[in-house]
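Some notes on the structure that comes next.
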Amino acid sequence: RVILSAFAFFVFWSFYSVKSTDLTGWGYVSFNFSDHFVELGIQMLVGLFFVAIHYYSRELLMPLAEQLVKKKSTWSALQTHARMHRFCSAVFKFCYFLSISILGYFLLKDQEFFPGHFGGTGNLHKGLLATLYKPTDMNVINYYRIAAGYHWGEVFFQVLFELDRPDFYEMFLHHLTTVWLLTFSMVGHYHAWGAVVLFLHDISDVGTYMAKMSADTAKPVVVFLSWLVMCIKWGYWRLYCLATVISTVMLFYVEPNPEVVGSWCAPAASLFIVALSILYCLHLYWYCLFIQMGLRYANTGVAEDSQAN
């Protein structure tokens, strides 16, 4: 209840703070506030579509899981079934994140805000500043809409089907923080900001779900290589690249630019920084769990997803 109440407050404050901002002369084609609710509704419908795909793909993949997932005599039937469901979800998410990462790269690589350390040719600080004064490119909006819909779908799916998971509360906090950031950046027309955060999450999660698939199925060499790829990708994208995004937002907050500070940074930037910082702290926590899993595997030879278990 506390988490939901806080989330509702953040969403309300986001809409209020942006609605009360004077956007005249910023170069937008229009600023009809009701359009945001339409866009939010579209994203939620996309989310429900992803919920359906996730649910039915889990059922379709169950025969494959029965063949591949390792079983132990000490596990109950419920534990075995939960492991197979987890494997099926990991396959679905691996396919999604691989697809959206490829699509996202080709849609974003030529954008002026997509920097060299992301694989683009732009400049994060100058490019994001420039996007404040012009209409958002449709490639960015389309990528944003698909990715935002997926994350709304994760919220719905978790509430509907994963209430009994051990990691429910930390994942629910992560999903709510993510969709709040998506909602806020959409309302404020900061699709470019949201796009870079989405991309670094998407591409790092390819390694995450490859490792989750291998934990219950693969040979030791594959388990180790999957874990190593996951740690490298997370270290680069979620710890280094996300830190560069947060520091860029902070520069907008403190730099002496009257247009930016006067119309964007108070109070919106402080909320944006807080939410991104929550995500960053969660990433640090999970990265420590990944290292712990690797050390346990090296000492015992047991591949165990302690974050999900």
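In this chain, numbering begins with 1 at the start of the sequence shown.
The only option from Phe113, Phe114, Tyr144 that meets the ring pair (Phe, Tyr, Trp, His ring centres under 6.0 Å) definition with Phe199 turns out to be Phe114.
Contact of the Val140 side chain with the Leu107 side chain is not registered, since no non-hydrogen atoms from C-beta on lie closer than 4.5 Å. Proximity of Met44 to Leu40: side-chain heavy atoms (C-beta onward) are separated by under 4.5 Å at one or more points. Side chains of Val155 and Phe172 form a contact here, defined as non-hydrogen atoms less than 4.5 Å apart. For the pair His54/Glu154, a side-chain contact is recorded, criterion being any heavy-atom separation below 4.5 Å from C-beta on. At a threshold of 4.5 Å between non-hydrogen side-chain atoms, the residues Asn123 and Glu112 do not count as touching. Met230 has its side chain out of reach of Met210: every pair of non-hydrogen atoms, C-beta onward, lies at least 4.5 Å apart. Contact check for Val206 versus Phe94: side-chain heavy atoms found under the 4.5 Å cut-off. For the pair Ile146/Leu103, a side-chain contact is recorded, criterion being any heavy-atom separation below 4.5 Å from C-beta on.
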Next on the checklist: Between Phe50 and Trp152, does the ring pair (Phe, Tyr, Trp, His ring centres under 6.0 Å) criterion hold? Intermediate values first, please.
Outcome noted: CA-CA 9 Å; Phe50 275 116; Trp152 276 110; over 10 Å; no
Quiz prompt | Tyr287 vs His283, side-chain contact (heavy atoms from CB on, under 4.5 Å): CA-CA, chis, key distance, verdict | solution = CA-CA 6 Å; Tyr287 199 76; His283 295 163; over 6 Å; no
| request: Check step by step if side-chain contact (heavy atoms from CB on, under 4.5 Å) holds for Leu198 and His151. | output: CA-CA 10 Å; Leu198 282 168; His151 286 287; 3.7 Å; yes
**Q.** Audit row: Leu108, Asn139, side-chain contact (heavy atoms from CB on, under 4.5 Å) steps and yes/no
**A.** CA-CA 7 Å; Leu108 300 177; Asn139 283 342; 6.0 Å; no
Do Lys109 and Thr121 pass the side-chain contact (heavy atoms from CB on, under 4.5 Å) test, and can you show the C-alpha distance, the side-chain angles, and the key distance before you say yes or no?
CA-CA 7 Å; Lys109 64 183 178 67; Thr121 57; over 6 Å; no
Review point. Does the side chain to side chain donor-acceptor pair (under 3.5 Å) test come out yes or no for Tyr143 and Asp202, once each step is laid out?
Key: CA-CA 11 Å; Tyr143 168 71; Asp202 292 343; 2.8 Å; yes
Arg86 and Glu162: salt bridge (Lys or Arg N to Asp or Glu O under 4.0 Å), yes or no, with the steps?
CA-CA 10 Å; Arg86 187 176 72 185; Glu162 297 182 340; over 6 Å; no
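Salt bridge annotation for Asp205-Arg238: present, with a cationic side-chain nitrogen under 4.0 angstrom from a carboxylate oxygen.
Aromatic rings from Tyr105 and Phe118 are positioned such that their centres are separated by 6.0 Å or more. A centroid separation of 6.0 Å or more is found between the aromatic rings of Tyr209 and Phe87. When ring centroids are compared, Phe290 and Trp234 come within the 6.0 Å threshold. For Phe157 and Tyr55, the distance between ring centers is not under 6.0 angstrom.
The shortest non-hydrogen separation linking Cys231 to Ile291 is SG-CD1, 4.4 Å. Here the closest non-hydrogen pair linking Leu279 and Thr178 is CD2-OG1, 3.9 Å. Of all heavy-atom pairs between Val46 and Gly149, the closest is CG1-CA, 3.8 Å. For the pair Lys233 and Gly207, the tightest heavy-atom approach, listed with the atom from each and the gap, is CE-N, 3.8 Å.
In this structure, the separation between CD1 on Ile100 and NE2 on His201 is 14.5 Å, given to the nearest 0.5 Å. Of the inter-residue distances, the one linking Leu200 atom CG with Ser101 atom OG reads 10.5 Å to the nearest 0.5 angstrom. Summarising the geometry, atom CG belonging to Leu68 is positioned 9.5 Å from atom SG belonging to Cys88; distances are rounded to the nearest 0.5 Å. Taking CZ from Arg145 and CD from Gln43, the interatomic distance works out to 7.5 Å, rounded to the nearest 0.5 Å. One distance of note links NZ of Lys212 with OG of Ser226; it measures 12.5 Å at 0.5 Å rounding. Annotation: the span from Leu98 atom CG to Ile203 atom CD1 amounts to 9.5 Å, rounded to 0.5 Å.
Cluster membership for Leu289 and Leu242, using ILVMFWY side-chain heavy atoms within less than 4.5 angstrom, is shared. Note on Val179: it clusters hydrophobically with Leu163, by side-chain heavy-atom contacts below 4.5 Å among ILVMFWY residues. Under a hydrophobic clustering in which Ile, Leu, Val, Met, Phe, Trp and Tyr are joined whenever their side-chain heavy atoms come within less than 4.5 Å, directly or via other members, Ile141 and Phe49 fall into different clusters. Cluster annotation: Met84 and Leu60 are assigned to distinct hydrophobic clusters (Ile/Leu/Val/Met/Phe/Trp/Tyr, side-chain heavy-atom contacts under 4.5 Å, transitive). Tyr236 is connected to Ile232 through a chain of hydrophobic side-chain contacts under 4.5 Å among Ile, Leu, Val, Met, Phe, Trp and Tyr, so both are in one cluster.
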